[in-house]
J.: 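First the structure, which I've put down as structure tokens, then a few questions once you've had a look.
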Amino acid sequence: MATLDDLPPYRRATLLWRWAHQGIACVEEKVYRAEGRPCRLPTGETGGLGPAAGVRGDDGRVHLVRAGLMVCADAQSDDGWVHRTSCGWIDRGAGPEKWKRRSVIGEASVWRSRECEWTVLGVGAELDLAVVERWERCPFGGPHWPPPPARTRSIRILRAALVAEFGPDCQLCGLYPGEMVDHDHEIGYVRGLLCRFCNRTVEECPHVTGCPKADYLLRPPAFRLRLLYPVNQEWRTKESTLQRKIAQLGFDPFEGLHSRRADVGCRTNVPTHDTR
């Protein structure tokens, strides 16, 4: 059975750092229990259906389509593409009120909800997504909508290079558009273009091998391009957080594994993060 010590040194340190609050024994247990159970990835067929485009619907919104399928819909019917959502509100006796996270629901308050369903028909030709404003987009396209341009020129250049080489979809799950430039925090090389979900979870993988995430980390697809992630884009861990993590573990798991770029933020950035 695999153990924590079977992981490459930097991955071992990263995993300990990520779960420091649970203790070393718990991290060991995660690795042990993960044997034969690969990490979960987003599932679906959307990513392999070719490029996405927009089509204006008869409801006034622009909807996301791929290979003739309306991605933001729940199903297709004879009347069009079926969209569903639920609406919830609070009724305190004076009419409906929008529920907010900090809303207080007293004894006189009643929570009400309603399921809504409508059909959408595409109107006109397909649109280039680059000209579709965010407020025009159907919100139910979710993470399938292509990401906005990166805020910094250096990340825009890296993202463009990865799209030109590998295409626009996430290089791990292949389902959602790639948005985050993922990189190795020890040596600084770009590993690939990932969607938000995969970028957030890839370094939580406790597997040595036999898992898509472990295989990605072992053989990053973009390493052969030798693209360096800019040091000034690294996310920095606060000193108080550094000390708390070390106190929780009783040692610094990165001791002796200092980044070859001599950057503290680089060696302590867990999980992967792109400031875009």
J.: Going from CG on Asn199 to CG on Asp182, what distance comes out if it is rounded to the nearest 0.5 angstrom?
T.: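 These two atoms lie 5.5 Å from each other.
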J.: Among all residues two or more places apart in sequence or in another chain, which pass the side chain to side chain donor-acceptor pair (under 3.5 Å) test with Arg153?
T.: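 Arg153: no side chain to side chain donor-acceptor pair (under 3.5 Å) contacts found.
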J.: With ring centroids as reference points, do His183 and Tyr189 lie under 6.0 angstrom apart?
T.: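 Ring centroids of His183 and Tyr189 are no less than 6.0 Å from each other.
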J.: I need the minimum non-hydrogen distance between Ala161 and Leu227, along with the two atoms involved.
T.: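 For Ala161 versus Leu227, the nearest heavy atoms are CB-CD1, 4.2 Å.
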J.: Main chain of Cys138, side chain of Trp145: is a donor-acceptor contact present, judged purely on distance under 3.5 Å?
T.: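 Yes; at least one donor-acceptor contact below 3.5 Å.
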J.: Answer whether the closest heavy-atom distance between the side chains of Leu249 and Lys245 falls below 4.5 Å.
T.: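 SC-SC contact between Leu249 and Lys245 ruled out.
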J.: Are any of the side-chain heavy atoms of Val132 and Arg137 separated by less than 4.5 Å?
T.: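 Val132 vs Arg137: side chains touch.
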J.: Under a 3.5 Å threshold, yes or no: a donor from one side chain and an acceptor from the other, between Tyr229 and Asp184?
T.: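 Note: Tyr229 and Asp184 side chains miss the donor-acceptor criterion.
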J.: Taking the side chain as every heavy atom from C-beta outward, state whether Cys205 and Cys211 have any pair of such atoms under 4.5 Å apart.
T.: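 The answer is yes, as the side chains (C-beta and beyond) meet within the 4.5 Å cut-off.
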J.: Please check if the number of heavy atoms outside Tyr32 that lie under 6.0 Å from its OH is greater than 12.
T.: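 Counting neighbours around OH of Tyr32, 12 or fewer heavy atoms of other residues, nucleotides or ligands fall under 6.0 Å, so no.
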J.: Pair Cys195, Glu179 - check side chain to side chain contact (heavy atoms under 4.5 Å, CB included), show working.
T.: CA-CA 5 Å; Cys195 67; Glu179 182 171 359; 6.0 Å; no
J.: Mind checking whether Phe166 and Leu193 sit in one hydrophobic cluster, side chains of I, L, V, M, F, W, Y counted as touching below 4.5 Å?
T.: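 Phe166 clusters together with Leu193.
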J.: Should we count CZ of Arg244 as having more than 12 external heavy atoms under 6.0 Å?
T.: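 Buried by this count: over 12 neighbours within 6.0 Å.
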J.: Taking all atoms of both residues into account, what is the closest heavy-atom pair of Leu162 and Gln171, and its distance?
T.: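 Scanning both residues, the minimum pair turns out to be CD2-OE1, 4.3 Å.
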J.: Do Phe223 and Val190 have side-chain heavy atoms sitting under 4.5 Å apart?
T.: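 With C-beta onward as the side chain, the pair stays apart.
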J.: Compare all side-chain heavy atoms of Asp169 with those of Tyr176 and state whether any distance is below 4.5 angstrom.
T.: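 No, every pair of side-chain atoms sits at 4.5 Å or beyond.
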J.: As a quick check of understanding, evaluate side chain to side chain contact (heavy atoms under 4.5 Å, CB included) for Phe254 and Thr14, giving each step before the final call.
T.: CA-CA 8 Å; Phe254 290 97; Thr14 300; 4.0 Å; yes
J.: To the nearest 0.5 angstrom, please state how far the NE2 atom of His63 sits from the CE atom of Met70.
T.: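 His63 NE2 to Met70 CE: 5.5 Å, rounded to 0.5 Å.
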J.: Could you tell me the separation between the SG atom of Cys87 and the CD atom of Glu115, rounded to the nearest 0.5 Å?
T.: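 Reported to 0.5 Å precision, the distance equals 8.5 Å.
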J.: Pair Tyr10, Ile187 - check side chain to side chain contact (heavy atoms under 4.5 Å, CB included), show working.
T.: CA-CA 11 Å; Tyr10 197 82; Ile187 60 177; over 6 Å; no
J.: Ignoring hydrogens and angles, tell me if any N or O in the side chain of Lys213 forms a donor-acceptor pair with the backbone of Val202 under 3.5 Å.
T.: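 Checking the backbone N and O of Val202 against the side chain of Lys213, no donor-acceptor pair under 3.5 Å is found.
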J.: Look at atom CZ of Arg156 and say whether more than 12 heavy atoms of other residues, nucleotides or ligands are closer to it than 6.0 Å.
T.: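 More than 12 within 6.0 Å, yes.
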J.: Are the side chain of Arg11 and the backbone of His207 linked by a donor-acceptor contact shorter than 3.5 Å?
T.: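 Yes; at least one donor-acceptor contact below 3.5 Å.
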J.: Looking at Arg159 and Pro148, what are the two nearest heavy atoms and their distance?
T.: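 In terms of heavy atoms, the two residues are closest at NH1-O, 2.8 Å.
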J.: Can you see which heavy atom on Ser154 is nearest to which on Pro230, and at what distance?
T.: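 So the two residues come closest at OG-CG, 3.6 Å.
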J.: Is a donor on one side and an acceptor on the other found under 3.5 Å between the side chain of Thr201 and the backbone of Glu204?
T.: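 Checking the backbone N and O of Glu204 against the side chain of Thr201, no donor-acceptor pair under 3.5 Å is found.
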J.: One pair to check against side chain to side chain contact (heavy atoms under 4.5 Å, CB included): Val120 and Val82. What are the steps and the verdict?
T.: CA-CA 7 Å; Val120 175; Val82 180; over 6 Å; no
J.: Identify the two heavy atoms, one from Pro146 and one from Leu129, that lie closest to each other, and give their separation to 0.1 Å.
T.: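 Taking every non-hydrogen atom into account, CG-CD1, 3.3 Å.
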J.: Is there a side-chain contact between Trp81 and Thr119 in this structure, where contact means two heavy atoms from C-beta onward sitting under 4.5 Å apart?
T.: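 Heavy-atom side-chain distance check fails, nothing below 4.5 Å.
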J.: Assigning hydrophobic clusters by single linkage (Ile, Leu, Val, Met, Phe, Trp, Tyr; side-chain heavy-atom cutoff under 4.5 Å), is Val71 placed with Val62?
T.: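 Linked within one cluster.
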J.: Do Trp135 and Val131 belong together in a cluster built from hydrophobic side chains that touch within less than 4.5 Å?
T.: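 In one cluster: no.
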J.: Do Val123 and Leu69 share a hydrophobic cluster, counting only Ile, Leu, Val, Met, Phe, Trp and Tyr and linking them when any side-chain heavy atoms are less than 4.5 Å apart?
T.: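 Not linked; separate clusters.
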J.: Would you say Leu218 ends up clustered with Leu15 if hydrophobic residues are merged whenever their side chains have heavy atoms under 4.5 Å apart, either directly or through other cluster members?
T.: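 Result: no, two separate clusters.
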J.: Could you go through the salt bridge (Lys or Arg N to Asp or Glu O under 4.0 Å) check for Arg224 and Glu165 one step at a time?
T.: CA-CA 11 Å; Arg224 60 180 174 81; Glu165 184 71 22; 2.8 Å; yes
J.: Do the side chains of Arg191 and Glu203 get close enough for a salt bridge, i.e. N-O under 4.0 angstrom?
T.: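 Yes, Arg191 and Glu203 are salt-bridged.
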J.: Quick check: do Pro139 and Arg61 have side-chain heavy atoms less than 4.5 Å from each other?
T.: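 Yes, close enough: below the 4.5 Å cut-off.
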J.: Looking at Arg56 and Glu136, is any side-chain nitrogen of the basic one under 4.0 Å from a carboxylate oxygen of the acidic one?
T.: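 Yes, charged N to carboxylate O under 4.0 Å.
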J.: Roughly how far apart are Leu172 CG and Leu194 CG, rounded to 0.5 Å?
T.: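 Interatomic distance, Leu172 CG to Leu194 CG, rounded to 0.5 Å: 6.0 Å.
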J.: Does the side chain of Leu158 come within less than 4.5 Å of Ile155's, by heavy atoms?
T.: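 Of all side-chain heavy-atom pairs linking Leu158 with Ile155, at least one is under 4.5 Å.
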J.: Counting only heavy atoms not in Arg114, do more than 12 fall under 6.0 Å of its CZ?
T.: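 No, because the 6.0 Å sphere around CZ of Arg114 holds 12 heavy atoms or fewer from other groups.
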J.: Which atom names give the shortest non-hydrogen contact between Pro177 and Pro143, and what distance separates them?
T.: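 Taking every non-hydrogen atom into account, CD-O, 3.1 Å.
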